Structures are given as C-alpha cells and as structure tokens.
Peer 1: 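Quick one: structure below, then a few questions.
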Amino acid sequence: VGDTAEELSDPELAAGLAAGQVDAIRALHQRYGTLAYSLAVRILGDPGRAEDVVQDAFMRIWTYASSFDPDRGSLRSWLLTTTRNRAIDYLRGRPGRERHELELSADIPAKGTGSDPWRDVSEALERQAVRQALGSLPPDQRQVVELAYFGGYTQTEIAEIVHVPLGTVKGRTRLALEKLSSYLQGRGLIDVS
Amino acid sequence: MSAEHEDLENSVAAYVVGSADPEEEDRVRVHLEACSSCRELAARLGLGISALPLEPEPITPPGRLEERIVAAARGTRSAPPQRTRRQLVFRPPKVRVRFGGWRAGLAAAAVLVFAVGAATGVGIDHRWSPGGGGGSQTSAPDVKRYQLAGTGPMSGVRGSALYLKRDRVTLVDLKYLPKPGENRVYQLWLVPSGGKPLPAGVFTPESDGSKVVLVDHSLDGIKALAVTEEPAPYGSDAPSQTPQLAARIT
C-alpha cells in the first residue's frame, strides 16, 4: 500500500485491508474517519463513546475486508452503515446483532480519494443536498426518519413518542423515504446504475 | 395481493431504515426473498437511506483515534496462531455461588463467560488467591464498571473491568491486545493505595487479540488495575515496566 495509499480506489484499499496491510486501514481512516466519527457523534452525542464505536466499526471492516464486494456498495457505505449500527446498538444498550451490512443495494459513490481538496468539497455538496432533501420533507415525516435512523427507535417506540398509531408511523416513514430517494436521484446524487 | 403481503409491504420502509421491531424484521426479510415487488420497493427506499450518514456536520476526530485503530489492527494481525486447548493452563475460578437472587445471576453469568472462554481457549494462570475476610452477605449489592485506557503500543486496546463487589470478583474483558513479545506474557496487577502492586494473573491474548480474565479478589483498597508485559510463563513478582494499560479504581 505504502505512500500511494491515498490514491487507491476503494476496491484496491479493500484488497490492502484483506491482505493485512496496516497502511491500508490508516488510509481508510484518513479518507473516511471524519465521516464515521461525525456520524457516531451525531447519534451518540458523546465524543468519547463515538471514538469507541468508530474503532469497532473500523475493526469490523479490517476483520471482514475479504468479504467486500464492490458490486454491493462502496467501502464508504459499508463503513458508515457499520458505524451507524454500532452506534445505535451502543445507544440503545443492545448487544451487537448479526446484520446484513454488506447488502447495500444503493449507494452514493464517494468522489475523489485521499485528502485532496475536491473530496472535501464534494462531501460538503453531498451534505448540503442531503440536508436540503431532509428539509424538503414535512416535519412529521422528517421526525420519524430522524428518530428511526439517528435515534435507533423502532416503529412501535416512535408511535409512542409521537402519539400516533403505528400504521401512521409506517406510512410516514414510507412517504419520507420515497421523497428522499426521489429528491436525491433528481439531483444526481444517487448512483442507481 | 394477499393481506399478508399488504401488511408486510407496509413494513418494508421500517425494515429499510432499520427500525422494524425484531420479529417484524425477520418476517420482512423472509418475505423479501420471495417477493420481487417488495424487493424493488426496498431497493427504491434504500436510496434515500444511503444518503443519511452524510448529513451530520463534520467533526474532525482526535488524532489519537487513528493511532488507536492502527494499533488495534496491528495487534490483531500479528497475533499468534490459535493455540490448542491442551497447551492452556486453566484452573476453575474460585467464584462463590452459594447465594441467591441477582448475585447468583451475575456470578453465574461471570462463570458462564469464563466457562465459554475456557471452551474457546480463554484461561488464566491464577498465581494469587485472596487473603482472609470473606465477602459480607449483608452489604449492599454493588456492581461497578471501570474502563481500561492504553498508551503507546497498547493505545488500541479496549478494555473494561466489571467488579462484583459482594462476590469480590472482577471480570476483565480485553480486546485488540497486541501480541506480547517472544517469551513474554501479559500480567495483571492490582495496585493498592499503599504498598507494592499485587500480581493477579498472567495471560496471553487469543488469536483475535481478545482475552477475558477473572480476578478473584476484592478491589477494596485497590486504586488501580494495570497490565504489564513480563517474562513467560509465570510473570514477575513486581512490575518490571511502567504499565501501558490501566484503569483507575474509584
């Protein structure tokens, strides 16, 4: 991996991880560490616990790198999905569950590699688009998505929190996800090829 | 379309966002394997979910996090091949289980973890047994958890110690331990408020860098738990180096 780690594509980086090259996990952290840590802090609200969660997520990628399949999703999506799931398990006091974190059918492809300025700019644009997409949702739909995704609440728990029937929560969740997908696809952010 | 299909279709969004109740999640997963229209729905809804991790405001992680991750990765990849059980030194822990209620459950859980560990190669060579003064059966039940923090080559180690005060038993759970040097083992120490550190067992990590160690001793009067690397196989009578992994006992 060596000095060229920053220039490697995700599949090449995954190959380095699977081969046990420590430089590869350092490069992975330099590439996506801020995204993973920001997500963990967003969910947990605790920088210390976020560090533990991010370390666990990176170690999972490190351990299972040989199972990475770029046709199922990007390395970034795998890492962020793992980070989110670990953070929710931590937040809700649940034991780690066997998850299908590699079963990614959709993806926002990472633009650029390493620490080049374009990557920072593209991530800022992505973030802006995602926030606009969330902001375009009616407040009650946005609420159920945020409680589910960032809060880790089940639909039943959300129904209790927002004082509406379970069926209403399910309906709002579906509408919200339909609109989010449509909004992001319309702006070319999601790669559905 | 059947009523069951309609019911499960309404749960696909919850499944995709990861908020289905466990039983519902299992039902949807099974249904998706057989229903192409619901699979298409799940794929479509998943598009939006894939973007959500990008929403949080960026926060630069502390520099030590990268070093923790690298150290943990280095530790697990350089771990020795898993040893056979015959090579392990395993002696049953001296856990008292004659009490009832929650204490029995906790101690049983500790024993179970230890027993599972033994079955998978976890073990500890106890070199030190507790002195007099058995645990009081009338004191308030108490369980405390302490986090171990590492520095240097141990900076990637994750560790916690669960102290069952009534039972005078501490379960130390360690992950991402680097392989100790050749002919070296790790040694756990109890550091009292006054006096020299007490040896509390030697161990080597499993092939994945993990280890569960049971310490059969009260932590009363102990101010810290510490781990050092010492000569194999029996360790030392006193720490030969500054601990790079420790927990403060409060």
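Here is the naming used below: chain letters follow the sequence lines, and residue numbers restart at 1 for every chain. Remember, it's a predicted structure, so these values are computed and weren't measured experimentally.
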Peer 1: Under the side chain to side chain contact (heavy atoms under 4.5 Å, CB included) test, which residues partner Pro47(A), sequence neighbours left out?
Peer 2: Tyr37(A)
Peer 1: If you round to the nearest 0.5 Å, how far is CZ of Arg42(A) from CD of Glu55(B)?
Peer 2: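 One finds 4.5 Å between CD of Glu55(B) and CZ of Arg42(A).
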Peer 1: Among residues 160-176 of chain A, which ones touch chain B with a heavy-atom distance under 4.5 Å?
Peer 2: Lys170(A), Thr173(A), Arg174(A)
Peer 1: Between Pro58(B), Ser19(B), Pro53(B), which has the largest tally of heavy atom pairs under 4.5 Å with chain A?
Peer 2: Ser19(B)
Peer 1: Apply side chain to side chain contact (heavy atoms under 4.5 Å, CB included) to Glu40(B) and list each qualifying residue two or more places apart in sequence or on a separate chain.
Peer 2: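 Side chain to side chain contact (heavy atoms under 4.5 Å, CB included) check on Glu40(B) returns nothing, list empty.
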Peer 1: Distance-only, no hydrogens or angles: does the Gln55(A) side chain make a donor-acceptor pair with backbone N or O of Gly156(B) under 3.5 Å?
Peer 2: yes
Peer 1: Got Arg68(B) and Asp52(A) here, is their nearest side-chain heavy-atom distance under 4.5 Å?
Peer 2: yes
Peer 1: Measure distances from Gln147(B) to the heavy atoms of chain A and classify the residue's part below 4.5 Å as side chain, backbone, both or neither.
Peer 2: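 Nothing of Gln147(B), per the 4.5 Å heavy-atom cut-off to chain A.
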Peer 1: Can you tell me which of Asp56(A), Val145(A), Leu147(A) forms the most heavy-atom pairs within a distance under 4.5 Å of chain B?
Peer 2: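 The answer is Asp56(A).
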Peer 1: Taking Ala40(A), Gly151(A), Ala148(A), Ser38(A) one by one, which has the highest count of heavy-atom pairs under 4.5 Å against chain B?
Peer 2: Ser38(A)
Peer 1: State which residues pass side chain to side chain contact (heavy atoms under 4.5 Å, CB included) with Pro153(B); sequence neighbours excluded, sorted by chain then number.
Peer 2: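 In terms of side chain to side chain contact (heavy atoms under 4.5 Å, CB included), with neighbours along the sequence ignored, Pro153(B) is linked to Gln244(B).
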Peer 1: Would you indicate whether the side-chain heavy atoms of Leu52(B) and Leu80(A) approach each other to under 4.5 Å?
Peer 2: no
Peer 1: Please state whether the side chain, the backbone, both or neither of Phe58(A) comes within less than 4.5 Å of a heavy atom of chain B.
Peer 2: side chain
